[in-house]
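Everything on this sheet refers to the single structure shown next.
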Amino acid sequence: VGGVEGEVEAQGELEGELNGALLKLRTLASGADAGQLLLTLDDLSRWRAGSRGKVKLEALLSGETDRLRVRGHVENIAWENLQSPRVDLELDALLAEAAPFTALVKMRELTVGASTLDALELAVQGDTKTQRAVLDLEGDIEGQIVVRGQRAGNDWQGRLEPTSLGSAL
């Protein structure tokens with residue numbers, strides 16, 4: 001595992017490297033409450049032996065609206081028995097209590113063991129009280145899975161909506 005190296009390049013900007021991952025953190029404008037984090041990892045195997053892939057993520061935080069936006073992708077990923085040429089990731093969340101959020105993961109040409117999916121999309125939305133997740137599958141397994149969740153105090157309950165999945169296998 002590599003060490004941490006970093007230096008301040010300008011007021012409000014920091015660059016560093018950790019085990020091959022390049023990190024850049026900076027304020028977007030002088031005196032602004034907004035920040036940006038960029039993460040680039042050219043070789044995922046430096047973090048997980050036997051894996052591969054190239055990761056790029058960008059996170060933007062606005063202090064005025066307490067909004068966090070994360071966008072990124074992983075190219076040519078192999079993790080355990082999962083492989084895909086590209087995975088796209090998105091997150092948009094307000095950081096206030098009971099504020100809404102959305103998250104999206106998209107994969108194309110996904111291979112998991114002996115199964116191949118032309119497309120996989122997981123979309124999650126909600127807030128701290130209610131959530132909804134939709135998983136769309138196309139390929140050897142086809143269909144849609146919808147789960148609704150609800151939180152009451154420290155308890156969380158989920159409900160799987162009626163669904164049917166088809167399989168060519």
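Both backbone and side-chain heavy atoms feed into the values below; hydrogens, waters and symmetry mates do not.
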Is a side-chain N or O of [X] found less than 3.5 angstrom from the main chain of [Y], in a donor-acceptor match?
X: Gln83; Y: Trp79; value: no
X: Arg86; Y: Met107; value: no
X: Asp140; Y: Leu117; value: no
X: Arg48; Y: Gly50; value: no
X: Ser84; Y: Ile77; value: no
X: Ser45; Y: Arg52; value: no
X: Asp43; Y: Gly20; value: no

Can you tell me how far apart [atom1] ([X]) and [atom2] ([Y]) are? Round to the nearest 0.5 Å.
X: Thr163; Y: Leu160; atom1: OG1; atom2: CG; value: 6.5 Å
X: Thr102; Y: Arg132; atom1: OG1; atom2: CZ; value: 13.0 Å
X: Glu138; Y: Thr116; atom1: CD; atom2: OG1; value: 13.5 Å
X: Gln125; Y: Thr130; atom1: CD; atom2: OG1; value: 9.0 Å
X: Leu37; Y: Leu68; atom1: CG; atom2: CG; value: 9.5 Å
X: Lys106; Y: Glu121; atom1: NZ; atom2: CD; value: 5.0 Å

Testing the basics here: between [X] and [Y], what is the closest heavy-atom pair and its distance to 0.1 Å?
X: Gln131; Y: Phe101; answer: CG-CZ, 4.0 Å
X: Ala103; Y: Leu91; answer: CB-CD1, 4.1 Å
X: Gly72; Y: Leu57; answer: CA-CD2, 3.6 Å
X: Ala119; Y: Arg108; answer: CB-NH1, 3.1 Å
X: Ser51; Y: Leu44; answer: OG-O, 3.4 Å
X: Leu165; Y: Gly143; answer: CD2-CA, 3.7 Å

Q: For side-chain contact (heavy atoms from CB on, under 4.5 Å), just list the numbers for Val112 and Asn81, CA-CA rounded to whole Å, side-chain angles, deciding distance to a tenth of an Å, and then say yes or no.
A: CA-CA 6 Å; Val112 181; Asn81 66 347; 4.2 Å; yes
Q: Would you sort out whether Leu110 and Leu82 count as a side-chain contact (heavy atoms from CB on, under 4.5 Å), showing the intermediate values?
A: CA-CA 7 Å; Leu110 172 66; Leu82 178 147; 3.6 Å; yes
Under a 4.5 Å cut-off applied to non-hydrogen side-chain atoms, are [X] and [Y] in contact?
X: Gln144; Y: Leu137; result: no
X: Leu18; Y: Trp47; result: yes
X: Leu122; Y: Leu104; result: no

hydrophobic_cluster_shared for [Y] and [X], side chain cutoff 4.5 Å:
X: Val146; Y: Leu135; result: no
X: Val147; Y: Ile141; result: yes
X: Leu38; Y: Val87; result: no
X: Val124; Y: Leu94; result: no

Q | Worked verdict on Val105 versus Asp88 for side-chain contact (heavy atoms from CB on, under 4.5 Å) | A | CA-CA 6 Å; Val105 177; Asp88 291 302; over 6 Å; no
Q: Tell me, with the steps shown, if Glu15 and Lys24 meet salt bridge (charged side-chain N to carboxylate O under 4.0 Å, His left out).
A: CA-CA 4 Å; Glu15 285 190 8; Lys24 187 175 213 177; 3.3 Å; yes
Q | Stepwise side-chain contact (heavy atoms from CB on, under 4.5 Å) check, Arg151 with Thr128 | A | CA-CA 7 Å; Arg151 186 177 132 201; Thr128 56; 3.9 Å; yes
Q: Check each of Leu60, Asp92, Leu61 against Arg67 using the side chain to side chain contact (heavy atoms under 4.5 Å, CB included) test, and report the only one that passes.
A: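 In the set Leu60, Asp92, Leu61, the residue that makes a side chain to side chain contact (heavy atoms under 4.5 Å, CB included) with Arg67 is Asp92.
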Q. Are a donor atom and an acceptor atom from the side chains of Gln36 and Glu58 found within less than 3.5 Å of each other?
A.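 Indeed, the side chains of Gln36 and Glu58 share at least one donor-acceptor pair under 3.5 Å.
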